[in-house]
Amino acid sequence: MISEVRYLREKNAHFLQTILIVGILIIAAFFLHLFGRRTDIAFFSKLFNFIRILLYISLFSFWGISVSQRVMQLKTKRVLHTVAVIMVFWLIVREFKYRFALDVDLLRYLWYFYYIPILLIPLLALFTSLCLGRPGDYQLPGWSMILSFLTAVFIVLVLTNDFHQLVFSFPQNSIVFSELDSSHKVGYYGIVTWVLLNSLAAFLIMLAKSRIARTKKSLALPMLPIVIAVLYLVLYNSNLPFIRIELGDFAVFFCLVSTAFFESCIQCGLIPSNSHYSDLFHTLTDTPIQIVDKDFPIRYSSYNCTEIPENTILSLKENHEFTRDGRHLHCKAIHGGYAIWTEDFSELLSLQQTLKERRLELSERKDLLQYEYDKEKEHKIVEEQNRLYDLLQKKTQKQIDKINLLTGQYSHILGKKEKKKLLNQILVMGTYIKRRRDFILSEHTDETVSLKMLDHALLESFHVLKRSHIQGGFLIHEDEEIVSSSFLPLAYDFFEEIIESILFSCRYVNVRIGSVNHVLRINILTDYRGETDHLSKIFSDMHIEQDDDGTEFILPMIGGENR
C-alpha cells in the first residue's frame, strides 16, 4: 500500500508538471505575439511569430500523440487524431494567410478556409461522443451521414461565398472583396448555430454515457472551455479593440479551446482513458485484484484485496494459476508487471455441497412422487375405462339384450333363410355397438368432431344393410365440417332406431343430413308404410310424413338433446 501511495504522488506530480509546462509554453507564445507586434524590426517580428506558431503546432502535435497513449477506444482515438491534424492544418493556413499570401483573392480564400476546421472540429467532437463505450469495430450510425452532409454544405457555402454572398457580404462598390469590409449574413449565423449545436450535443452525449459520479466538479471542467468560447465569440464580434488586437488570433484561440475541451473530458472521465486507475481499484469490492511491477511492489490494489506473499507471486509467475484453501489465484503478465486476482470459491464449494445433498434428496422425492403418479395414473386409466365401458353398455344395453336373445334363438331355428335373417339382424346391431363406442369416446374427449366420423359409421351400416337386400345411401350436405360432438351419437341413434324398426319391412333407405332454415336435421326416407307410434314416443321432436310411396322421418338436431 505504501508503494501505491508513492506511485500516486509521483503520478500527480507528473500531471502537475505537464500542466505547468503547457502553461509556460502558452504564456511564452502569448508574449512572443506581443513582442512581434511591438518591435519595429521586421526580422524579429517574423522570427517571434514563426516561433510562436511552431510552439502551438508542436503543442497540438504532442497532444495528438498523447491521445494514442491514453485513450483506449480505437474509433475515439482515430477521431481525436483527426482533430489534432485539423488544428495543425488550421495553424498552417493561418500562417500562410498572414506571412506568405500577397494576393487579395488568395487572402480571402485562406480566410474562408478557416471555416473548415471551425465546422469540422465540433462535428468530430459529436462523433467522439457517439463512439464512447462502443466496441473497437463500431461503425457510426447511418443518420450521422446527414450531419456530415450538412457540415459539408456549410463548408461549400463558405468557399463559394463570392458567388452568392450568403455568409459574408461586401459593399457593391468594392473593387476587391476584403475581410475588413465584410458583414455577416444569414449563412454566417447558420454556421454559428450549427457549431454551437454540435458542441452542446457532443458534451451532453458524453455526459449521458459517462460512468463517473455527476458531481459539480466533473460538470464544470468540460463546460468551462465551451463558456469561454461563447464569451470570446460575443466579444470578438463586438469589435472591441483589445480583443481584436491582443487576442484576435481566432485560429489559435479556438484550437486551444478545442484542445482544452477534449482534454478536460479525458481528465474528468467523460472520454475513458487508461488513467484514474487508483479510483477504479478503490471502487472494486467484488474482485480482489492487484497490479504489481516486475520487482513485485504493489502499484494498485482493490479495496478488499489481502496482501499476497512474494513466494506465492513467484509460483503464480511460473504456473499462472493455482487453487489453495478454496481460493483460485490467477496471474497474467502485462506491460511493466503482472495482474494478480483472486476468485474465492469457498462459499461456492459450500453451496455446491449443499446443492448436492439437496439434489439427492429431491431425486429421492422425485422417484417417490413418480411412482405414486404412475400408480395413480394406472388407477385413473382403469377407472376411466370402466366408466366408458359402463357408459357404452348403458347406451347399447338394448342392442346387447337383443343380440343375446337372438343368439339364443339361433340354435332353435332350422331354416337357412331364417338363420340368415337372424344373423343379418345381429350384424346390424353389432355394427351399431362398434361405431357407438367411437362416438362415446369423442363425446367425452372433444367438444367438436368432424362429420367424417358419422360418414364412416353410416357407410359401414349401409354396407351391412345390403346383406339384408336393403338398398339406398346417404348424403351429408353441410357447409361446416366440424360440428358439436353431441350431434353424432344422436344422429346415429336415430338412424339405428329407425333401421331396427323397419329392417324387414322395407326395400330401400335414404338418409340426408343438412341445414334447413339454419337448423341442422336428419331426414330418413324409406318405402316403409307401417306403424310409427313407438318411434314418436322415443323421439319427441321427430316429424313423420307418410304417403303412398313411403315414409319420411325428420328429426331436427338442436343442441343434441332431442332424445
Side-chain angles (χ1 to χ4, degrees), residues 388-442 451-476 487-513 522-539 542 544-555 563:
L388 292 177
Y389 177 77
D390 293 341
L391 184 61
L392 175 62
Q393 187 174 16
K394 179 181 177 181
K395 293 291 184 181
T396 59
Q397 188 64 47
K398 177 182 176 182
Q399 284 74 22
I400 293 173
D401 293 341
K402 283 184 179 181
I403 290 174
N404 291 333
L405 180 62
L406 293 174
T407 303
Q409 296 175 357
Y410 183 82
S411 60
H412 299 92
I413 298 174
L414 300 177
K416 290 184 177 181
K417 185 177 180 180
E418 292 298 324
K419 283 187 175 182
K420 183 178 180 181
K421 182 179 178 180
L422 187 144
L423 288 174
N424 288 338
Q425 190 176 0
I426 293 174
L427 188 58
V428 168
M429 289 184 288
T431 302
Y432 168 76
I433 293 173
K434 171 189 173 184
R435 287 296 178 177
R436 193 61 173 83
R437 179 195 61 186
D438 298 336
F439 294 152
I440 289 175
L441 292 175
S442 64
L451 278 171
K452 289 183 179 180
M453 184 178 290
L454 181 59
D455 184 285
H456 294 158
L458 292 174
L459 184 64
E460 186 171 353
S461 293
F462 271 97
H463 179 71
V464 172
L465 289 176
K466 288 181 181 179
R467 299 176 63 89
S468 299
H469 305 289
I470 298 176
Q471 303 299 319
F474 65 93
L475 175 63
I476 300 178
F487 165 76
L488 300 184
L490 178 58
Y492 198 51
D493 288 349
F494 179 66
F495 169 77
E496 179 66 19
E497 199 69 45
I498 299 297
I499 292 299
E500 289 181 16
S501 299
I502 66 174
L503 182 61
F504 302 113
S505 303
C506 66
R507 289 172 298 174
Y508 72 86
V509 175
N510 290 321
V511 179
R512 180 181 178 276
I513 299 174
I522 177 172
N523 293 39
I524 299 178
L525 179 63
T526 177
D527 60 343
Y528 173 77
R529 289 187 293 274
E531 182 63 35
T532 59
D533 291 342
H534 67 288
L535 293 172
S536 299
K537 294 179 182 179
I538 299 174
F539 299 98
M542 181 182 66
I544 301 175
E545 296 180 0
Q546 284 186 323
D547 55 22
D548 295 338
D549 295 329
T551 305
E552 184 175 9
F553 301 93
I554 304 170
L555 181 67
R563 189 169 180 177

Between CG on residue Asp455 and CD on residue Glu460, distance to nearest 0.5 Å: 12.0 Å
Verdict with reasoning, Val428 to Ile499, per side chain to side chain contact (heavy atoms under 4.5 Å, CB included): CA-CA 9 Å; Val428 168; Ile499 292 299; 4.0 Å; yes
From CD1 (Ile476) to NZ (Lys452), nearest 0.5 Å: 11.0 Å
Over 12 non-hydrogen atoms of neighbours within 6.0 angstrom of NE2 in His534: yes
Salt bridge (charged side-chain N to carboxylate O under 4.0 Å, His left out) partners of Lys402, counting only residues at least two apart: Glu500
Distance flag, aromatic centroids of Phe462 and Phe495, threshold under 6.0 Å: yes
Separation between OH of Tyr528 and CD1 of Ile470, rounded to the nearest 0.5 Å: 12.5 Å
Atom pair NE2 (His469) and CZ (Phe504), whose distance is rounded to the nearest 0.5 Å: 10.5 Å
Results of salt bridge (charged side-chain N to carboxylate O under 4.0 Å, His left out) for Arg507 - residues two or more places apart only: Asp527
For the student: nearest non-hydrogen atoms of Val509 and Cys506, plus distance: CG2-SG, 3.9 Å
Min side-chain heavy-atom separation Ile554-Glu552 under 4.5 Å: yes
Ser461 to Thr431 - nearest heavy-atom pair and separation: OG-CG2, 4.0 Å
Met429 vs Leu406, side chain to side chain contact (heavy atoms under 4.5 Å, CB included): CA-CA, chis, key distance, verdict: CA-CA 11 Å; Met429 289 184 288; Leu406 293 174; 3.4 Å; yes
Interatomic spacing from CD1 in Ile524 to CD1 in Ile502 - rounded to 0.5 Å: 7.5 Å
Audit row: Asp549, Arg529, side chain to side chain contact (heavy atoms under 4.5 Å, CB included) steps and yes/no: CA-CA 8 Å; Asp549 295 329; Arg529 289 187 293 274; 5.7 Å; no
Backbone of Gly530 reached by a side-chain donor or acceptor of Gln546 within 3.5 Å: yes
Side chain to side chain contact (heavy atoms under 4.5 Å, CB included) partners for Ala491, two or more places apart: Leu454, Phe487, Ile522, Met557
Please set out all donor-acceptor pairs under 3.5 angstrom arising from side-chain atoms of residues 419-427, sequence neighbours excluded.
| from | atom 1 | to | atom 2 | distance (Å) |
| --- | --- | --- | --- | --- |
| Asn424 | ND2 | Lys420 | O | 3.3 |
| Asn424 | ND2 | Arg467 | O | 3.2 |

Carboxylate-amine/guanidinium proximity below 4.0 Å for Arg436 and Asp493: yes
CD-OG distance between Glu496 and Ser501, expressed to the nearest 0.5 angstrom: 9.5 Å
Over all atoms of both residues, closest heavy-atom pair of Phe553 and Phe494: CB-CZ, 3.7 Å
All side chain to side chain contact (heavy atoms under 4.5 Å, CB included) counterparts of Ser536, not counting sequence neighbours: Met542, Ile544
Heavy-atom closest pair, residues Tyr508 and Leu525: CE1-O, 4.1 Å
Set of side chain to side chain donor-acceptor pair (under 3.5 Å) partners for Asn404, sequence neighbours left out: none
Side chain to side chain contact (heavy atoms under 4.5 Å, CB included) evaluation trace for Leu535 with Ile498: CA-CA 8 Å; Leu535 293 172; Ile498 299 297; 3.5 Å; yes
